[in-house]
Each structure stands twice: as structure tokens, then as C-alpha cells.
2 protein chains.
Amino acid sequence: MPGFIGREQHSVDEKGRLLIPARFRRRFASQTNESGDSPQSRVQVIYVFKADDGSLELYEPSVWNQKEEQLLKLSDFNPDERLLTTLIYARLDQTELDRSGRIALSREMLDHAGITKDAVIIGANAKMVVWEPLRLERLLSDNAGRFAPLASRYI
Amino acid sequence: MPGFIGREQHSVDEKGRLLIPARFRRRFASQTNESGDSPQSRVQVIYVFKADDGSLELYEPSVWNQKEEQLLKLSDFNPDERLLTTLIYARLDQTELDRSGRIALSREMLDHAGITKDAVIIGANAKMVVWEPLRLERLLSDNAGRFAPLASRYI
DNA sequence: GAGAATGTGGGAAAAAGTGGGGGATTTATG
DNA sequence: CATAAATCCCCCACTTTTTCCCACATTCTC
């Protein structure tokens, strides 16, 4: 099963709607029928997570659910584990693809990413990452020098 | 069965009523008929629990009952177990959805969470968590640096 | 270049959220 | 026990948001 690969830039309209590129949507289509839905009712849910670095991460249900299984093991009464759970769910949201292949991002999510007009969507295999274009540009140029050292350490 | 996911902010009116977001209410609807009620009389009960961290936890009956099964195993005559039972039930309350999809929170519950005007409701899979907005904000910013370490330790 | 697929925007209808009036029931009080 | 006071619900009305749908422009494919 291939992941999301590639980078595209699209506009976010006044209603906060962001188009998911067609090539990414095709990947969804191939694995919707987990629960034997009728062709009509296949609603494509997408999880949205506010990442620490100021981007938004988009997950398919099957991928997010895998992460969530880890969360379910955590105790409500261990302070550290409870805090982690809170930190995660407070940053998480859920949305659906409309018939034009867009998702509606909440004002809060857009603010977190600093998105007003345009957004870059980067395929990162299991997830998609959404950036405000200038912010991404700055991150890349600010850290251009770190690529080689990091790469040589880890790959 | 998908859980509660997402974060919303709503106002609590002067009567102490808090709206349960429509998308969360829809999950209730899909599993009301446990006891074979007539369509008319399906009253949606919600359990409210005062959490240690200053939030309120909202549970569906089916989920709370599962937790309660653990409690029923505890002995009334073992001091520790008896104390635990007391501590839990002393923090627990019960309320119902009215026809507008709201629940009435008692003064005591509101005070525990420090809620006066607004409240944030966070979907946390099996339960919903209610926060006073500023209190949540403070928790999140105070612990922003702890997310990465905790996440890497537990997930 | 024609037709299909993709991307963008917006209008209208429906749903959700908010606040408050008023009747019924419960609780307090003389 | 009667009456007053308070509380609790149910319903209505208004505002805002979301959803659904369509139209059009652009790009891609053959």
C-alpha cells in the first residue's frame, strides 16, 4: 500500500476549506470499505493534529487508530500519562471530505498553522502535513545547514 | 465504534446549561436503545465525574458502567477499597440531555471546574472532558515542553 | 483541440447554537 | 395546609454556522 508522496500548494477559501490533492484522495478511495458500508455512505474521515512545529498533520482513520491504541493503554490516574492524553486530545480534531474533495479546517486549526490564504500539503508517507507556505520556507532555509549532519547521523 | 474526537467551546448559560456539540450527540443516538425503550422515552443519561486535574469528565452510561464493574468487585470491609469507593462516588453525579441537547451542571460541578461563562469540551475517545478555557490554556502552555518527552516515552 | 478531471468560489437551505419566557412541579414558610 | 418562592423543563425565536449543491475556470489526457 503506497503512502502519500509529493508536495502541492492550494488555496484555503473563506470557509476554511482546503482541497486534498486528487492523487492523495485516490489513496483514500482504495481503503474506505473497512466496515462494509454501502457505496453511498462512505464518508471519508480525516484526523487533524496540531503539531509542535506549527504544522497540521492529517491522518487516515486506519493510521490514527493505530496510534490511538497506544493511548488507550495509558492510565487516567497516572499524572504523566493523563497529561499526555490531555495534551494529545486537546490538539486533535476530526473532519470529513466533502464531495469536492475538500476538508473544512476550524478557525483554531488554521490559526495554529498561521494559514490565511494558501497552504502547502506535503505527503509524508503515512500522513500528510499542512504548512503555511512562508513558514515552511523559513523552516527549510533556517535549517538548511542541519540536513547533512542529521542525515549522516541517522541514515 | 468511533469515540468522541474534537474540541469545541460553548457558553454555559445562567441556568448552568452546557450544550453538548452536535457531533458528539450523534454518537449517543447510535447506541441509545440498550434497554429497549420506546422511541419517545429515550432519556440520555450522562455521568459527570470531578477529575483531579480540575476538569469534568462526561461518560455515556455504557462506558461508565464498564468502569463501575471494577468498583463492584471491591470489598466494603477492606478499608482501602472502601475508601476508594467513597472517594469515587463522592465525585460522581448524573445528569440528562434536555431536548435541545444540553446538560444541566450543578453549581458544585461548575465550581470544581471553575466554569462561569464558557467551557471547552474535548473529545477524548471514550469520554468527553470539560474545562474552563483559561485553565485549560494555562495547563497546555505550562506543559507545552513536556509533550515531546512524554510522547516519545509512551508512544 | 476536445473531453474529462481537477481546483475554486459562492448561494441557498438546513442544522446547530444561544438565550429567554412561562408553565408545572417541588420546596420553603407562615 | 395553604400560599409563596424557587427551581426545573419544555418550547419558541433568533442568530450563526455548516452543509449541500451547482457553476465555472483551469489543467490534464488522449
For Phe24(A) and Ile5(A), the nearest pair of non-hydrogen atoms, with its separation, is CE2-O, 3.4 Å
Return the nearest nucleotide to the side chain of Leu19(A); candidates are dC20(D), dG19(C), dT8(C).
dT8(C)
Arg99(B) side chain near dC9(D) phosphate (N/O to OP1/OP2, under 4.0 Å):
no
Would you tell me if any nitrogen or oxygen in the side chain of Arg26(B) comes within less than 4.0 Å of OP1 or OP2 on dA16(C)?
yes
Does any N or O in the side chain of Ser55(A) come within less than 3.5 Å of the main-chain N or O of Ala51(A), such that one atom is a donor and the other an acceptor?
no
If I take atom CD in residue Glu14(B) and atom P in nucleotide dG19(C), what distance separates them, rounded to the nearest angstrom?
9 Å
Specify the separation, in whole Å, of atom CZ of Phe24(B) and atom P of dG17(C).
10 Å
Between P of dG9(C) and CG of Leu18(A), the distance in whole Å
12 Å
So for Arg17(B) and dG20(C), does any side-chain atom that can act as donor or acceptor lie under 3.5 Å from a complementary atom in the base?
yes
Could you tell me whether the side chain of His112(A) and the main chain of Phe49(A) form a donor-acceptor pair under 3.5 Å?
no
Counting only non-hydrogen atoms, which of residues 102-124 of chain B are less than 4.0 Å from DNA chain C?
Arg102(B), Lys117(B)
Does Glu81(B) use its side chain to pair, donor to acceptor, with the backbone of Ser75(B) at less than 3.5 Å?
yes
I want to check one thing: is the phosphate of dG17(C), taken as OP1 and OP2, less than 4.0 Å away from some side-chain N or O of Arg25(B)?
yes
Counting side-chain heavy atoms from C-beta on, which of dG17(C), dT18(C), dT8(C) comes nearest to Ser11(B)?
dT18(C)
Please figure out whether Gln9(B) or Gln9(A) has its closest DNA chain C nucleotide nearer the 5' end.
Gln9(A)
Nearest to the side chain of Glu8(B) - dG17(C), dT8(C), dT6(C)?
dG17(C)
Asp98(A) CG - dT8(C) P separation (whole Å):
13 Å
Considering only side-chain heavy atoms of Ala22(A), which listed nucleotide, dC22(D), dG7(C), dG10(C), is closest?
dG7(C)
Applying side chain to side chain contact (heavy atoms under 4.5 Å, CB included) to Ala126(A) and not counting sequence neighbours gives Val63(A)
The side chain of Asp13(B) lies closest to which of these nucleotides: dG10(C), dG19(C), dG17(C)?
dG19(C)
Any side-chain to backbone donor/acceptor pair from Thr95(B) onto Ala104(B)? Under 3.5 Å, distance only.
yes
Length of the CD-C1' vector between Glu96(B) and dC8(D), whole Å:
12 Å
Does any N or O in the side chain of Arg25(A) come within less than 3.5 Å of the main-chain N or O of Ile20(A), such that one atom is a donor and the other an acceptor?
yes
From CG of Leu97(A) over to C1' of dC20(D), roughly how many Å is that when rounded to an integer?
15 Å
Base dT18(C) paired with Lys15(B) side chain (donor-acceptor, <3.5 Å):
no
